[in-house]
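Inspection log for the structure reproduced underneath, given as structure tokens.
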Number of protein chains: 2
Amino acid sequence: MPWEKQFDKAEVLDRALQTFWTRGYEATSMQDLVDCTGVNRASLYATYGDKRAFFLEALRAYDDGRRKMLAEFEKRYQPCEAIRKVFLCFLADVPNQTGGRGCFMTNTALELSAHDAEIRSIVARAQEEVEAFFAAMIKKGKADGSISAHVKPSDGARGLLASLLGFLVLVRSRPNPTLLDGIVDDAIRRLK
Amino acid sequence: MPWEKQFDKAEVLDRALQTFWTRGYEATSMQDLVDCTGVNRASLYATYGDKRAFFLEALRAYDDGRRKMLAEFEKRYQPCEAIRKVFLCFLADVPNQTGGRGCFMTNTALELSAHDAEIRSIVARAQEEVEAFFAAMIKKGKADGSISAHVKPSDGARGLLASLLGFLVLVRSRPNPTLLDGIVDDAIRRLK
DNA sequence: ATTTGTCTTGAATGATCGTTCCAGACTCGC
DNA sequence: GCGAGTCTGGAACGATCATTCAAGACAAAT
């Protein structure tokens, strides 16, 4: 067999993901991807397919990362802390005055899922899994007494999801730390 | 003076607005705008300037409509009803199986405000005005007893804004009536 | 009726879009 | 050393992008 690839497929995918995340799908050109990955055009096409397939692979990679992150939060933290971490992990790049990039999945939800069924189903599933994570944390919190017995897991999770998505809109469009912290505190206080 | 315009400037602007709203900025081409308005390319350029200026004018027109709508809600409805109406007015086009278009301002917030300072400031101001509207309604509701005395207007308004923005993400990406209604009910129940 | 000045029209601009082709570089099994 | 087979690099493809040009159409003023 002849000649292995000259680049790390996963690493290049991640660099493309960063660019798609920052600029969005339509505003990212193949030239941008060539530039940010350092890999030749034809090699990108040979490896990942066309632009949409490339984007989809990046989106699924992002989604896998999100899934692993939630699993780790679930292991590592108490229920309320785990919920809080979900919000806070999007604040990491906010201080860089330019504002945060928000959540790649949520950005994609607004840009593409209205016109692309495949993306819509990926987005919907991701949202459902986050909602299920919240519900599981609420259940656990009720069991150990850290969350009020009056909160119904499904209702609480739905409310948290809405607050999280709104929070993510604000992270990208109006990254004011006071505002964002307030939203997180409010969302969690509702559970107590 | 010679020859007035052959088309209604506001009406054509509204048609362009509908297209920008549905597809977003990057995914809308000047050809799309020519098609949906029925007005010749060069006439569009002569009247509105380039694509970005055209978009900005559409966005400001949308924002004006939003402002008038809030003012009318404030006049017409009791505080809680007025708040509920803000959510419900985005559900009008959800039943058309294709899913709703969400809020033009919020869609734009995610697509463009991270990279365009002028848009960012328009978006931020619109969000602040909505937040202020919520705060005013809460204050009024506390005065007439329909909203709990424990709710601080600024905190309640911030929470409502987050829920509204999350709601709007879902309207466009996962337009499930049960889910959406639940979010609205929860958001308002929090005030009581 | 002719001039004046704006609006409309359809074609054309160069740039950039996503995508593909092809010749050369390279590693393996023989 | 020698094909076999995959990957790379750069140029090229037609399509579409936003934008502009030049000429004709029209209404008011003279």
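In what follows, every chain begins at residue 1, and chains take the letters A, B, ... in the order their sequences are listed.
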Completion exercise
Under a 4.0 Å heavy-atom cutoff, the residues of residues 28-38 of chain A touching DNA chain C are A:Thr28, A:Ser29, A:Met30
Practice task
Flag the pair B:Lys142 / B:Pro153 as yes when at least one side-chain heavy-atom distance between them is below 4.5 Å, and no otherwise.
Solution key: yes
Handout entry: A:Leu112 side chain near A:Arg120 side chain, heavy-atom distance below 4.5 Å
Key = no
Problem - Of A:Tyr25 and A:Ala42, the one whose closest DNA chain C nucleotide lies more 5' - result: A:Tyr25
Exercise for the section: Send over the distance from B:Glu26 CD to D:dA18 C1', rounded to a whole Å. Expected result: 12 Å
Exercise for the section: Look only at the side chain of A:Lys51 and the backbone of A:Thr28, and say whether a donor-acceptor pair between them is shorter than 3.5 Å. Expected result: yes
Exercise for the section: Return no unless some side-chain N or O of B:Ser43 is found under 4.0 Å from OP1 or OP2 of C:dT8. Expected result: yes
Problem - Option passing side chain to side chain contact (heavy atoms under 4.5 Å, CB included) with B:Ser173 (candidates A:Val123, A:Leu110, A:Thr108) - result: A:Val123
Handout entry: Spacing between B:Phe7 atom CZ and D:dA25 atom C1', to the nearest angstrom
Key = 16 Å
Handout entry: A:Ser29 and A:Asp32: side chain donor to acceptor below 3.5 Å
Key = yes
Handout entry: Donor/acceptor link under 3.5 angstrom from B:Arg41 side chain onto base of D:dT20
Key = no
Exercise for the section: Answer yes or no: does atom NZ of A:Lys140 have more than 12 heavy-atom neighbours from other residues, nucleotides or ligands under 6.0 Å? Expected result: yes
Completion exercise
Per atom distances to the B:Tyr45 side chain, the nearest of D:dT19, C:dG10, D:dG9 is D:dT19
Exercise for the section: Find the distance B:Leu44:CG to C:dT9:P and express it as a whole number of Å. Expected result: 10 Å
Problem - Nucleic acid contacts of residues 49-59 of chain A, taken as heavy-atom distances under 4.0 Å to DNA chain C - result: A:Asp50, A:Lys51
Output side-chain donor-acceptor pairs under 3.5 Å for residues 58-69 of chain A, partner residues at least two apart or in another chain, one line each.
from: A:Arg60; atom 1: NH2; to: A:Glu118; atom 2: OE2; distance (Å): 3.4
from: A:Tyr62; atom 1: OH; to: A:Phe104; atom 2: N; distance (Å): 3.2
from: A:Asp63; atom 1: OD1; to: A:Arg66; atom 2: NE; distance (Å): 3.2
from: A:Asp63; atom 1: OD1; to: A:Arg66; atom 2: NH2; distance (Å): 2.7
from: A:Asp63; atom 1: OD2; to: A:Arg67; atom 2: NH2; distance (Å): 3.3
from: A:Asp64; atom 1: OD1; to: A:Arg67; atom 2: NH1; distance (Å): 3.1
from: A:Arg66; atom 1: NH1; to: A:Glu129; atom 2: OE1; distance (Å): 3.2
from: A:Arg66; atom 1: NH2; to: A:Glu129; atom 2: OE1; distance (Å): 3.2
from: A:Arg67; atom 1: NE; to: A:Glu129; atom 2: OE1; distance (Å): 2.9
from: A:Arg67; atom 1: NH2; to: A:Glu129; atom 2: OE2; distance (Å): 3.4

Problem - Side-chain donor-acceptor pair present, A:Asp35, A:Gln31, cut-off under 3.5 Å - result: yes
Handout entry: Full working for salt bridge (Lys or Arg N to Asp or Glu O under 4.0 Å) between A:Glu131 and B:Arg174
Key = CA-CA 13 Å; A:Glu131 204 178 335; B:Arg174 190 153 63 108; 3.3 Å; yes
Exercise for the section: Mind calculating the distance between CG (A:Asn40) and C1' (C:dT20) to the nearest angstrom? Expected result: 12 Å
